Every structure is written in structure tokens, then in C-alpha cells.
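Accompanying notes for the structure given below.
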Amino acid sequence: MSRRTIKPIRIESLLAALLNVGTWFAAIVIAGGLVLSLSYQRTSFLTGAPIVTVGIGIFVLLPILRVIMMLTIFLKERDYQFAVVAAIVLLTISAGLAIGILAK
Amino acid sequence: MNTGTELWLFAVSLGASALGGMLGMASGIFIVPVLTLWGHVDIRSAIGASIVSVIACSCGSAAPFLKGRLTNVRLAILLETATTAGALTGVLLAGTIPASYLFFIFGMILLISAQQMLAKRRDPALASIQSLTCRSTTWRLDSSYPDRALGRDVAYRVQRLPMGMGLMYVAGLISALLGIGSGVLKVPAMDTALRLPIKVSSATSNFMISVTAAASAGAYFVRGDIVAPVAGPVALGSVVGAILGARLLMSISNERVRLLFVVVLAALAVQMFVAAFGRDWIRGIA
């Protein structure tokens, strides 16, 4: 019983750390890209737009990483029932990406 | 895209997100109407920008709920199979639905939000204490959360899972179609079907929003439907606004603010209907 009360705290603090760091990272990249595009736009065609796109990409990737992290933790805990659930969510998101690429 | 536009997008998203955050709502519900009605941004670009800001806000606000043990992560990942399946359906439908229909559906969602804001939310877990006979044992979802007001852990059970999954599928579908977090549809799913304590359902729903949104945002992103000069300032403004909104929530949340929001939501709904059908249609029924 004591093992079960410790585990959820561990998974939750790992997820919290990932989402926190990821949000800051993506926000800083977008902010950097925006500042670049604001300062360069009068002098040349070089803009920060590609950097902003990278920042947006990090935001899109962040929840996917969160699901991968949960899948890994469930596998380590030999909680195969929930590992399958996490894998299904991951497959569904991948299907969305595949649809996006095919429809391009 | 010039300096003014970027700053305008940033400021508007900050405002919309702060406003949403004050009442514990997602920012997307304000961002799409503001971008389309006032910013004259194409509705599909607005939806693409909004879905990124939805991810940003959900990820940015998840940590305190997780650390406070309010988020039920096992329930979240299970319900996400339904929300992401709904989002996938939404992605497939999105291209085939005309813009005027999107405006109309959005108007309806705004009206439902206004109605929900008017009706006070009861804590469903308290109302259902006597009906705890049906257990969700096969999934081991029942848990407990620390309640600061009571000073102890409160145990709760997850009920009517199939109905909850069905409602979550619809929430995911609407999220992908309109670029919103669909909190407005997750609330009934959490309250009437699963009967979770309010704090647990808010935290869990917020946690799920980012993964639901990623299922559609991923597709829109690789398809090239997300316009960086619009989505960038909007996402950044939303994150900052969400932080401010959460602070303001503590100080000025009261009945008057609630009523103001009901009026704002209803007014936006009318404008979305006008955008959907054109002014002639509105004159026709008036």
C-alpha cells in the first residue's frame, strides 16, 4: 500500500516539470523570433518567422512528449493496461499527423 | 505582417486570455471571435492560431494542479483516447465544412457557455455520495485529493465511464473544428457523467486539453495551416494573459463579473451568427 501512495506523486512531479520547462522554452523561442522579425523587417527580408514556427512546433510537440513520458512510466511500473491506453493516444495523434502530411 | 499587427495580436490575445483566466475559462473561446470579427483574420487561420494558444495555456497552467495532486492522470489518459479520436474526426471534417457553418457552430458554443455561466455549478461529488454502489474497479481510477478547506484527503469514485467517454469524444471533435479547448463541453461530461469533485474535474480537464489540442494542431501544423505570424503572437499573448488572469481571479471574481461575461458571450454569439448568415438573414428574422 505504501508503494502506491508514493508512485503517483513521482509521476505527477515529473509531468509538472516537463510541462513547465517546455512552456517556458517554447515561449522564449517564440518571443525571440518575434523580436527578431520586428527589428529586421525594415532593413532586409530576413525575418524571425521561421524561429516563431519552431516555437509553435515545440508547443505542439510538448503534449506528445507528455504522453510518451506517461507511456514510459507505465511500462516501467509494469502497468500494461495503462501503457496500452497511452499507446492508443499516441497512435491517434500520429494518425492526425499522417492525415496532415497526406493532405498537404 | 507589420509591427502593428504583431503587437495588436499579442495584446488582444493577452486580454482575451486574461479575461478567460479570470473565470477559469480557456482563452480560445474569445480568441477566434476577436480575431475574425475585429481583426478580419480568416476563420481557419484564427482556428489554427487559437489551437496553439490552447496548448500553451493548458501546458503552462498544469504544474500547480499536478503538484497539488488534483489532477487524476490515469483518468486523463483514458479519457484522452476519446478526445483525440474526436479531434481526429474533427480534422477530417474541418476541410469539408464551409466557413459560415463554423461561425454558426461557434455561436452555439458561445451561447452554451453563457448559459453555463449563468447556472451555478454544484459540486457533483457531494450530490452523489449515496450512489457510490457502482465502482470503476477494472480501471482503478478512484482516487483522493487533498482538500485545503477541509484539511484532509477526500476520496472520490469515477462513475458512468462510458457516458463520460462519449461526451469527451464530442468535446474533442468540437475542439478540433473550432480551435477551442472545449472546456464548456468537458464540464458537463465531468459533472453529469463522471461525477468528479469540481477541483479534480477542473484540473483533469485542463490537463487533457493540451493532448486533445495536439491531435488536431499536429495535423494542422504539418499541413501548413498554422500561420506563424498570427499564431506566434497569439500563443505568447495567451500564456502571459493566462498568468495574469489567474492572479486577477483571486481578487475580482464576483457576481457582477459573471454577469458581464454572460453579456459579452451572448454579444459575441450574435456577432458570430451575423457572420455566419449575413446581415440580410438577421433582418429577415427580426
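For the numbers below, each heavy atom of this structure counts, side chains included, while hydrogens, waters and symmetry mates do not. Residue numbers begin at 1 in each chain, while the letters A, B, ... track the order of the sequences. Everything quoted here is computed from the prediction, not taken from an experiment.
Residues A:T92 and B:T81 have side chains not in contact (no heavy-atom distance under 4.5 Å, counting atoms from C-beta outward).
The shortest non-hydrogen separation linking A:I64 to B:A214 is CG1-CB, 4.4 Å. Closest approach of A:I30 and B:L236 over heavy atoms only: CG2-CB, 4.3 Å.
Ranking A:T23, A:I56, A:T53, A:V60 against chain B, the residue ahead of the rest is A:I56, based on heavy-atom pairs under 4.5 Å. When A:V67, A:D79, A:L61, A:I88 are compared by the number of non-hydrogen pairs under 4.5 Å with chain B, A:D79 comes out ahead. Most heavy-atom pairs under 4.5 Å with chain B: of the set A:L62, A:L34, A:N20, A:L15, this distinction falls to A:L34.
Between A:S37 and B:E6, the side chains place a donor N or O and an acceptor N or O closer than 3.5 Å (distance only, hydrogens not considered).
When heavy atoms are compared at a cutoff of 4.5 Å, B:T71 approaches chain A solely by way of its backbone atoms N, CA, C and O. In this structure, the portion of B:V91 lying under 4.5 Å from any heavy atom of chain A is its side chain and not its backbone. Within the 4.5 angstrom heavy-atom criterion, no atom of B:I51 approaches chain A. Heavy atoms closer than 4.5 Å to chain A are found in the side chain of B:A235, but not in its backbone. Heavy atoms of B:P64 lying under 4.5 Å from chain A are absent altogether.
Figure legend: A:R66 and B:F207 shown as a cation-pi pair, the cationic atom lying under 6.0 angstrom from the six-membered ring centre and within 45 degrees of its axis.
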List, one per line, each side-chain donor-acceptor pair under 3.5 Å for residues 94-103 of chain A, sequence neighbours excluded.
| residue | atom | partner | partner atom | Å |
| --- | --- | --- | --- | --- |
| A:S94 | OG | A:L90 | O | 2.7 |

